[in-house]
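What's counted below: heavy atoms across the whole structure, side chains too, no hydrogens, waters or symmetry copies. Labels below follow one simple rule: chain letters A, B, ... track the order of the sequence lines, proteins then strands, and each chain is numbered from 1.
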Amino acid sequence: MKDKSALYASVYEILRRIPKGKATTYGKIAKRVGINPRFVGRILSKNDHPEKYPCYKVVRSDGSLGGYTINGKVDPETITIKRRKLLEDGVRFNKDNVDKSSLV
DNA sequence: CCGTTGACCAGGC
DNA sequence: GGCCTGGCCAACG
């Protein structure tokens, strides 16, 4: 993993490894691939593949959903979709935050 | 080339 | 419990 494009692939690979009913955080991924947390979000927002990778399984360390962008879409509805998809996967919620017991 | 930006994080108040 | 600050580091204009 030297190329920056490989970095993207690493992040997506991690998303695929998330078990059903679980979510992960930007910070955990960042540590895993060795980059800063901000860049994780940047990767997902600019180069995500919503049909192939569960980018919606990534939330903030405090359990809040953070953001959710699809193909440059910045509508407030997308964040609602993110929450619904997490629920469909069996991730437990505590009000508007992901239950920490559902984090990996 | 340099300043700003960002799907963040941890710490302090 | 919420808001502010500093730090992080690649990408963008």
- [ ] Walking along DNA chain C from 5' to 3', note the first and the last nucleotide with an atom under 4.0 Å from a heavy atom of chain A, and give both.
- [x] dG7(C) to dC12(C)

- [ ] For Lys57(A) and Lys85(A), indicate whether the former's side chain and the latter's backbone hold a donor-acceptor pair under 3.5 Å.
- [x] no

Task: Gap between atom SG of Cys55(A) and atom CG of Asp48(A) - 0.5 Å precision - done: 4.5 Å

- [ ] Please answer: with hydrophobic residues joined when any side-chain heavy atoms are less than 4.5 Å apart, are Phe93(A) and Val58(A) in the same cluster?
- [x] no

TODO: Mark up nucleotides 3-13 of chain B, 5' to 3', with B wherever a protein heavy atom is under 4.0 angstrom from a base atom, S wherever such an atom reaches only the sugar-phosphate, and - elsewhere.
DONE: --BBBBSS---

TODO: Keeping to residues at least two apart or across chains, list the salt bridge (Lys or Arg N to Asp or Glu O under 4.0 Å) pairs with something in residues 90-104 of chain A.
DONE: Arg83(A)-Asp96(A)

Please list, one pair per line, the donor and acceptor atoms closer than 3.5 Å that link side chains of residues 18-32 of chain A to other protein atoms, with sequence neighbours excluded.
unit_1   : atom_1 : unit_2    : atom_2 : d
Lys22(A) : NZ     : Ser101(A) : O      : 3.3
Thr25(A) : OG1    : Lys28(A)  : N      : 3.2

- [ ] Output the distance between atom OH (Tyr56(A)) and atom CG (Leu15(A)), rounded to the nearest 0.5 Å.
- [x] 10.0 Å

- [ ] Answer yes or no: is there a side-chain heavy-atom contact under 4.5 Å between Val59(A) and Leu86(A)?
- [x] yes

Open item on the list: Can you list every stem that DNA chain C is part of, counting only runs of 3 or more consecutive Watson-Crick or G-U wobble pairs with both distances under 3.5 Å?
Closed with: B:2-6 with C:9-13, B:8-13 with C:2-7

Task: Ser10(A) to Val33(A) - nearest heavy-atom pair and separation - done: CB-CG1, 3.9 Å

Output a table of donor-acceptor pairs, distance under 3.5 Å, between side-chain atoms of residues 63-80 of chain A and any protein atom two or more places apart or on a different chain; print 'none' if there are none.
unit_1   : atom_1 : unit_2   : atom_2 : d
Ser64(A) : OG     : Asp62(A) : OD1    : 2.9
Thr78(A) : OG1    : Tyr68(A) : O      : 2.9
Thr78(A) : OG1    : Asp75(A) : O      : 2.7

Task: Separation of His49(A) NE2 from Tyr8(A) OH (nearest 0.5 Å) - done: 10.0 Å

